[in-house]
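Here is the structure we will look at.
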Amino acid sequence: MSGFIKIKSKALLLNNTFKLFFVTFISFTLKSAATACTLLSMHFILVSKFFQLLLVEYNSLIVYFVYSLLVIISYFLLFLFISGLKTGEKAIYFMQSKGSKAKLKYLFIFLRPSQSFRSFCLYTRISILKFLWGAFLYLPPCFCLVLTLYLYFSTVIYTTVFLTLIIGTVFLTSISRFYYNCISVRYSFAPYYLCTDLNISVKEAINKSTINTDGFIKDGVYLKSSMLLWILSCILIIPIIYVIPFNKLSKAKFVTFCDGLHYALPQGVKPETFIRNNGII
């Protein structure tokens, strides 16, 4: 499936590479500029003479409290802006993955307050879920690493025991990383559902993602892993123009492909069996 997705994505990139790269470049530039402006504004306010004057005229606790509220509001607006742009970018790639020509204006559709807030809620909820899963999955290797360091610095242990503990830590970390990637794939469809249905709720988008990724999680992990060499080629800088759109379009194409299989799948038949017997790929 990974090879098929990448072949389809390459075909869709024909005559669209620079357009999609430009979309990603504009999105990245706007997000970076907004982040830089927010950080610099908060810093200049803090070191300004006006702020120092307020500290002299009024209670410093009240002044710092108001400043903290201003920081919270500013970062909240920043995250709303970034979330809206991120969803707009995914919408363009998702439309392109279906063969539709998306215009640059679609990048800004989700900057409307209601849509930005919906995007912010989705990414926040997914981040919390992934953090909780990550904390659970990485607990065994962290425990093994702490035990290894404790034994190494507090007692004298044999080299074979130390090497066994190190290998065990690396092995557990690899297992945890694999399952964390599986969790990431499980929630990865949700942003695309959010950008194609303006009325779907955050909870419905996540639930739909977990349902439609069922049977395709290992394919999603393999697709993500197979893109590592492409991403490493970006060290040469020039391939970035091709690799970034290719990577993002492959992810969107994976969603449309899995959705198509789910809708065409006979009841009671597993996706792997359906693909193998009917020659979809």
Side-chain angles (χ1 to χ4, degrees), residues 1-31 84-110 119 181 184-198 200 205 208-209 212-213 215-234 236-265 271-272 274-276 278-281:
M1 182 185 292
S2 175
F4 174 78
I5 296 292
K6 287 189 283 188
I7 289 173
K8 285 289 187 180
S9 299
K10 289 177 182 178
L12 291 168
L13 270 179
L14 292 176
N15 302 321
N16 292 301
T17 303
F18 286 101
K19 182 186 77 173
L20 292 176
F21 177 78
F22 182 70
V23 168
T24 300
F25 178 76
I26 291 296
S27 176
F28 174 77
T29 302
L30 290 175
K31 287 185 287 189
L85 277 179
K86 190 175 181 180
T87 304
E89 184 183 358
K90 287 184 179 296
I92 291 177
Y93 276 96
F94 194 66
M95 292 177 68
Q96 190 67 45
S97 71
K98 290 190 171 185
S100 303
K101 291 186 177 181
K103 299 180 180 179
L104 182 62
K105 66 179 182 179
Y106 296 140
L107 180 64
F108 307 103
I109 289 177
F110 295 90
S119 300
N181 285 336
S184 298
V185 172
R186 192 170 179 81
Y187 299 126
S188 63
F189 288 16
Y192 296 100
Y193 296 140
L194 196 78
C195 68
T196 53
D197 187 352
L198 299 181
I200 192 173
K208 189 176 180 181
S209 177
N212 288 351
T213 52
F216 300 105
I217 291 179
K218 67 177 183 180
D219 298 298
V221 174
Y222 184 76
L223 177 65
K224 183 178 180 180
S225 302
S226 67
M227 298 299 295
L228 288 177
L229 290 177
W230 284 93
I231 295 173
L232 288 175
S233 69
C234 292
L236 302 175
I237 305 300
I238 295 176
I240 287 179
I241 298 175
Y242 180 81
V243 173
I244 290 179
F246 177 49
N247 183 35
K248 291 178 178 291
L249 187 59
S250 296
K251 293 178 181 178
K253 186 61 185 176
F254 179 65
V255 179
T256 59
F257 182 73
C258 293
D259 271 358
L261 283 185
H262 268 290
Y263 287 124
L265 194 63
E272 296 86 349
F274 182 62
I275 294 171
R276 186 172 58 252
N278 292 274
I280 297 297
I281 296 181

When you compare the side chain of Ile244 with that of Phe28, does any pair of heavy atoms fall below 4.5 Å? no
Nearest 0.5 angstrom please: Asn247 CG to Ile240 CD1, how far? 12.0 Å
Ser209 side chain vs Arg186 backbone, donor-acceptor pair below 3.5 Å: yes
Decide if atom NZ of Lys98 counts as having more than 12 heavy atoms of other residues, nucleotides or ligands within a radius under 6.0 Å. no
Spacing of Thr17 atom OG1 and Lys10 atom NZ [to the nearest 0.5 Å]: 11.5 Å
So, do Leu12 and Ser9 sit near enough that their side-chain heavy atoms are less than 4.5 Å apart? no
Between the side chain of Lys253 and the main-chain N/O of Ser97, is any donor-acceptor distance below 3.5 Å? yes
Rounding to 0.5 Å, atoms CD1 (Ile109) and CG (Leu198) come to a distance of 8.0 Å
To the nearest 0.5 Å, atom CZ of Phe21 lies from atom CD1 of Ile26 at 10.0 Å
Around atom OH of Tyr106, are there more than 12 heavy atoms of other residues, nucleotides or ligands at under 6.0 Å? yes
If you measure only the distance, is there a donor-acceptor pair under 3.5 Å linking the side chains of Thr24 and Tyr93? yes
Would you check if Lys6 and Leu223 make a side-chain contact, meaning some heavy-atom pair closer than 4.5 Å? yes
Mind checking whether Lys86 and Pro191 have side chains closer than 4.5 Å, heavy atoms only? no
Any side-chain heavy-atom pair from Lys251 and Lys224 closer than 4.5 angstrom? no
What closest approach, in Å, do Tyr192 and Lys248 show between heavy atoms, and which atom pair accounts for it? OH-O, 4.3 Å
Does Phe108 have more than 12 heavy atoms from other residues, nucleotides or ligands lying within 6.0 Å of its CZ? yes
With a sphere of 6.0 Å drawn around NZ of Lys31, does it hold more than 12 non-hydrogen atoms of other residues, nucleotides or ligands? yes
Polar side-chain atom of Thr29 near backbone of Phe25 as donor-acceptor pair, under 3.5 Å: yes
Go through the steps for Phe22 and Leu104 under the test side-chain contact (heavy atoms from CB on, under 4.5 Å), then give the verdict. CA-CA 9 Å; Phe22 182 70; Leu104 182 62; 3.9 Å; yes
Reported SG-to-CZ distance for the pair Cys258 and Phe216, which is rounded to 0.5 angstrom: 4.5 Å
Work out which heavy atom in Ser119 is nearest to a heavy atom in Thr87; give both atom names and the distance. OG-OG1, 2.9 Å
Would you indicate whether the side-chain heavy atoms of Tyr193 and Asn212 approach each other to under 4.5 Å? yes
Between Asp219 and Phe254, is any pair of side-chain heavy atoms under 4.5 Å apart? yes
Does the side chain of Thr213 come within less than 4.5 Å of Tyr187's, by heavy atoms? no
Just verifying a value: how many Å separate Leu20 CG and Leu13 CG, rounded to the nearest 0.5 Å? 6.0 Å
